[in-house]
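I have placed the structure first, in the form of structure tokens, so that the comments after it can refer back to it.
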Amino acid sequence: MNAPAIQYADVSKDYGKLRVLDGVNLSVESGEVLALVGHNGAGKTTLMKLLLGLIRPTDGSVRILGADPVGHDGAEAKRALGFLPETVAFQQAMTGLEVLNFYARLKRTDLNDNPALLEKVGLADAAKRRVKTYSKGMRQRLGLAQALLGDPRVMLLDEPTTGLDPALRRRFYQIVSDLKSAGVTVLLSSHALSELESRVDRIAILNQGKLMVTGSLDDLRTRASLPVRLRLKTREGQAGDIAARLDGVDMTQVNGQTVEFACMPQDKMILVRRVSELGVDVEDMEIELPTLDQLYGYYRDGGAPS
Ligand code: ADP
């Protein structure tokens, strides 16, 4: 079996007395898209810096494409890495194409590929404009083009969607999806769980340097087993009837027509059956799953072991 594209084994990192990563175990398989989610200061960037070989772990080991980033075969593995830092600052007087050419020379990639790369990130029309005229979203995309130089096999994207509007976010995730289709491994960080739904394979929630949980959003939902809310709309005046006849159920009567129940996900259908047995006319029913923010809060606070 191939080694995982990225592997952290029992990784801790201290800065003086401050422990910023604490016993992190995490593997990302080839072609997988994994999001690191956590508040500012949780340790997301530190995890990326370890892969880039900019810092070393205090304990444990880090592997990128099977190699130690600071070991003898690390340089070659790092050449297969693309990195988009959280804040990108480019030389303002240069055009987008000149900036990309500059980085291409550093990375020794073919300059002739650069116009196509700018096209890919939606900057073809702005290629010959100076960076100082670029919006925040355009600079971010130029940063992404820089990270894509040389067709990396592993992409590290630190808070890549900060400051992007919803349309640009969609476009960004389309690029991530294209990368995945091409077999590229993507590790991205975000402090917003809500934008990740159906866009990443797995999520790892970090809190104060500890990995609280990893899994797909579905896994995280199932494992958290947070209550779902069921809202029923009946004919006028019947809501009180339901409220009076169903006992032992966590329920709120909203008005004469609407009642809301909270129940465990596995009890949802039992509840629906009990209501239907009451013989009242249900005009509409809505099921509200726990929001992603509730889910994040649950795991961040140590709701369940990883
Ligand atoms: P995130 O990317 O999740 O916002 P970071 O990985 O940047 O978090 O930082 C994690 C913690 O490590 C923070 O408390 C930060 O202040 C601390 N930290 C990061 N770099 C250094 C450093 N060079 N020296 C001391 N503390 C640092």
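Bear in mind that the values here come from a model prediction, so they are computed numbers and not experimental data. Atoms within a ligand are numbered from 1 in the order they appear, just like the ligands themselves.
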Practice task
Look only at the side chain of Arg141 and the backbone of Val121, and say whether a donor-acceptor pair between them is shorter than 3.5 Å.
Solution key: yes
Fill in the blank from the handout: By chain and number, the residues contacting ligand 1 below 4.0 angstrom (heavy atoms only) are Tyr15, Val20, His39, Asn40, Gly41, Ala42, Gly43, Lys44, Thr45, Thr46
Exercise for the section: Using the test salt bridge (charged side-chain N to carboxylate O under 4.0 Å, His left out), find all partners of Lys49 that sit at least two apart in sequence or belong to another chain. Expected result: none
Practice task
Not counting sequence neighbours, which residues clear salt bridge (charged side-chain N to carboxylate O under 4.0 Å, His left out) with Arg171? List them please.
Solution key: none
Problem - Connected via hydrophobic side-chain network under 4.5 Å: Met138 and Leu100 - result: yes
Problem - Centroid separation Tyr296 to His39 less than 6.0 Å - result: yes
Tabulate below the donor-acceptor pairs under 3.5 Å that side-chain atoms of residues 58-77 make, not counting sequence neighbours, or state none.
from  : atom 1 : to    : atom 2 : distance (Å)
Thr58 : OG1    : Asp14 : N      : 2.8
Asp68 : OD1    : Val70 : N      : 3.0

